[in-house]
Number of protein chains: 2
Amino acid sequence: MSVAIENFVKAIYKNGKRDNNDTKPGNIAKELGISNAAATDMAKKLATKDLLNYEKYQPLQLTKKGTKMALLVIRKHRLWEALLFKMFDMSLHDIHREAELLEHQTSDFLANKISEYLGNPKFDPHGDPIPNSNGEITTKDTSVQLSNVQEGKSYIISRLMSDDKEFFDFCALNGLKYGNTLVVSKQFSNNKMTQILINNNTIVLNQDFTSIIYVNENH
Amino acid sequence: MSVAIENFVKAIYKNGKRDNNDTKPGNIAKELGISNAAATDMAKKLATKDLLNYEKYQPLQLTKKGTKMALLVIRKHRLWEALLFKMFDMSLHDIHREAELLEHQTSDFLANKISEYLGNPKFDPHGDPIPNSNGEITTKDTSVQLSNVQEGKSYIISRLMSDDKEFFDFCALNGLKYGNTLVVSKQFSNNKMTQILINNNTIVLNQDFTSIIYVNENH
DNA sequence: ATTAATTTTTAAGTAAGCTTAAAAAATTTT
DNA sequence: AAAATTTTTTAAGCTTACTTAAAAATTAAT
């Protein structure tokens with residue numbers, strides 16, 4: 001299967017999770033930076049390969065086979081991120097960029113070697129779960145978006161769900177890092193803004209950021 | 001530049017070295033598993049990009065720019081081989097196969113990180129020299145083919161120049177490994193066959209093998 | 001030095017993965 | 001509910017990297 005196909009099923013999987021199953025061609029096209037027409041074309045093609053179900057004007061739905069393909073690509077991506085992060089002094093954004101390419105050129109055999117070397121980690125450096133070699137995610141995610149938390153409580157950052165350099169630069173600067181602790185000091189105007197205390201600094205985040213930072217309550 | 005282009009200049013570079021500059025389209029086509037027509041087409045195209053000089057019916061000659069591109073791809077290939085060989089328990093053939101794909105999806109930045117991590121090695125696990133980040137090979141090669149050595153002398157294996165699984169399996173079985181010592185006990189019929197003593201075993205190699213095993217005299 | 005064989009080139013054609021433009025359908029706004 | 005907007009689909013076309021088939025040139029054999 002080609003890189004284009006792998007990226008296509010991956011985009012459907014990711015957008016499905018993120019945008020509450022808005023997996024219509026336009027949404028996927030945007031994610032991939034291609035035209036809507038190209039997305040429709042590709043959807044039809046992948047339907048003939050039993051990777052997804054296609055019905056005109058309906059959201060695209062991955063089949064079992066398509067989902068497995070997506071998860072195996074995501075597995076390779078996250079394993080590469082984990083490996084590069086551990087071995088080299090590289091930013092989250094940089095490891096993402098490299099993994100984005102390497103993921104398509106990695107045999108299952110090599111992926112397993114990397115996993116084994118790392119001690120079969122369950123999460124990558126963003127806190128995203130790493131699917132196993134059968135394309136299954138066995139960990140269950142109890143984290144919530146930082147936009148959805150309660151004032152006054154303490155939380156542990158569990159996930160930074162982004163590909164964006166600006167965001168990661170901001171995170172690096174402010175101690176927003178997988179595993180770190182923060183306290184929510186105030187929620188403003190319907191959770192559009194969130195004030196947190198982290199590393200003895202008070203910062204205010206808007207929803208662009210609080211919707212992609214996931215946390216678990218700190219008991 | 002595309003994968004096809006990177007592989008094309010790499011093939012010219014490698015065949016130029018190996019086959020005494022027989023870099024006519026047919027030879028490159030064979031190396032890449034494409035038709036002669038495709039090789040001619042690509043050659044013309046790359047000439048317009050100043051990667052090679054093309055004259056009808058003449059061998060293809062890489063320009064400075066083309067040579068540098070080839071060497072930077074080869075650099076990435078050999079760095080990946082060195083890394084995978086060091087970190088994971090993988091055969092020479094397996095690391096080659098993985099590196100063949102990874103080489104095209106590796107930024108210069110990452111290549112430098114890998115090199116640094118490995119202590120800027122000058123040779124890969126086959127004994128092949130690793131070009132530096134400017135695409136230059138600074139080590140000078142004094143090794144000779146095992147088909148060209150003298151009876152009775154002792155040599156150190158410096159290079160196993162192959163991509164072939166059969167060959168590597170044979171090497172692994174018989175202790176033919178980069179850095180190991182062997183003694184040439186006999187040359188037969190115009191060097192078509194060579195008898196060597198290695199690891200207390202006597203084995204006879206034909207020219208298919210002795211022409212791709214390089215050695216340095218053991219002083 | 002011809003003839004035969006091989007290689008290279010040209011020409012025409014294909015598949016993948018895109019594009020833009022316009023038509024059709026769905027969705028949103030008023 | 002009708003009109004306006006947006007999205008999806010269809011259609012036609014493009015580029016890359018190939019292919020096969022046949023013509024032209026080179027190389028090898030007798």
Side-chain angles (χ1 to χ4, degrees), chain A residues 1-16 18-62 66 69-70 73 100-101 103-105, chain B residues 1-16 18-62 66 69-70 73 100-101 103-105:
Chain A
M1 294 292 175
S2 68
V3 172
I5 292 176
E6 288 189 349
N7 279 330
F8 201 84
V9 296
K10 192 177 77 162
I12 296 173
Y13 182 88
K14 288 180 73 176
N15 281 28
R18 169 158 23 90
D19 300 341
N20 207 43
N21 270 62
D22 180 7
T23 53
K24 289 207 189 134
N27 198 15
I28 306 306
K30 207 176 203 173
E31 169 92 13
L32 295 172
I34 61 177
S35 69
N36 287 8
T40 298
D41 264 16
M42 184 62 103
K44 281 182 183 172
K45 187 173 126 189
L46 297 198
T48 71
K49 292 185 192 287
D50 189 32
L51 290 168
L52 55 81
N53 297 127
Y54 175 71
E55 272 190 89
K56 273 192 184 187
Y57 303 104
Q58 293 311 117
L60 307 178
Q61 291 190 300
L62 291 178
M69 178 185 283
V73 175
E100 202 66 12
L101 297 176
E103 64 186 12
H104 305 292
Q105 309 299 336
Chain B
M1 295 291 175
S2 68
V3 173
I5 292 176
E6 288 189 349
N7 278 330
F8 202 85
V9 295
K10 192 177 77 161
I12 296 173
Y13 182 87
K14 289 179 73 176
N15 281 30
R18 170 157 22 92
D19 300 341
N20 207 45
N21 269 62
D22 180 6
T23 52
K24 289 206 189 139
N27 197 14
I28 306 305
K30 207 177 202 174
E31 169 92 12
L32 294 172
I34 61 177
S35 68
N36 287 8
T40 299
D41 264 16
M42 184 62 104
K44 280 181 183 172
K45 187 172 124 189
L46 297 197
T48 71
K49 292 185 193 285
D50 189 31
L51 290 168
L52 54 80
N53 298 126
Y54 175 72
E55 273 190 88
K56 274 192 185 187
Y57 302 103
Q58 293 312 118
L60 307 178
Q61 290 190 303
L62 291 177
M69 176 184 286
V73 174
E100 202 67 10
L101 298 176
E103 65 186 11
H104 305 293
Q105 309 300 336

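A, B, ... follow the sequence lines: proteins, then strands. Residue 1 opens every chain. Only heavy atoms go into these numbers, but all of them, side chains included; no hydrogens, no water, no symmetry mates.
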request  = Step by step, work out the side chain to side chain contact (heavy atoms under 4.5 Å, CB included) result for A/E103 and A/K10.
outcome  = CA-CA 11 Å; A/E103 64 186 12; A/K10 192 177 77 162; 2.7 Å; yes

Side chain to side chain contact (heavy atoms under 4.5 Å, CB included) between A/M69 and A/M1, intermediate numbers included = CA-CA 10 Å; A/M69 178 185 283; A/M1 294 292 175; 3.2 Å; yes

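Between B/I12 and B/T23, the shortest heavy-atom contact is O-CG2, 3.6 Å.
Separating the NZ atom of B/K24 from the P atom of D/dT26 is a distance of 10 Å, rounded to the nearest angstrom. In this structure, the CG atom of A/N27 is 17 Å from the P atom of D/dT6, given to the nearest Å. Distance B/F8 CZ to D/dC18 P: 9 Å, rounded to the nearest Å. The CE-C1' distance, from B/M1 to D/dA17, rounds to 15 Å in whole Å. If you measure from atom NZ of B/K49 to atom P of D/dT15, you get 12 Å, rounded to the nearest angstrom. Protein atom CG of A/D22 is 11 Å distant from nucleotide atom P of C/dT27, rounded to whole Å. Per the geometry, CE belonging to B/M42 stands 10 Å off P belonging to D/dT16, to the nearest Å.
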request  = Quick one, give me the B/S/- string for nucleotides 9-14 of chain D, reading 5' to 3', where B means a protein heavy atom under 4.0 Å from the base and S means that only happens at the primed atoms, P, OP1 or OP2.
outcome  = BBB---

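Looking at A/L52 and A/F8, their side chains come closer than 4.5 Å, going by heavy atoms from C-beta outward.
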For residues 55-62 of chain B, dump all side-chain donor-acceptor pairs below 3.5 Å to protein atoms at least two apart in sequence or in another chain.
none

Identify all side-chain donor-acceptor contacts of residues 29-51 of chain B below 3.5 Å with residues at least two apart in sequence or on another chain.
| residue | atom | partner | partner atom | Å |
| --- | --- | --- | --- | --- |
| B/E31 | OE1 | B/R18 | NH2 | 3.0 |
| B/S35 | OG | B/A38 | N | 3.1 |
| B/T40 | OG1 | B/N36 | O | 3.2 |
| B/T48 | OG1 | B/K45 | O | 2.6 |

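OP1 or OP2 of D/dT19 has at least one side-chain nitrogen or oxygen of B/S35 nearer than 4.0 Å.
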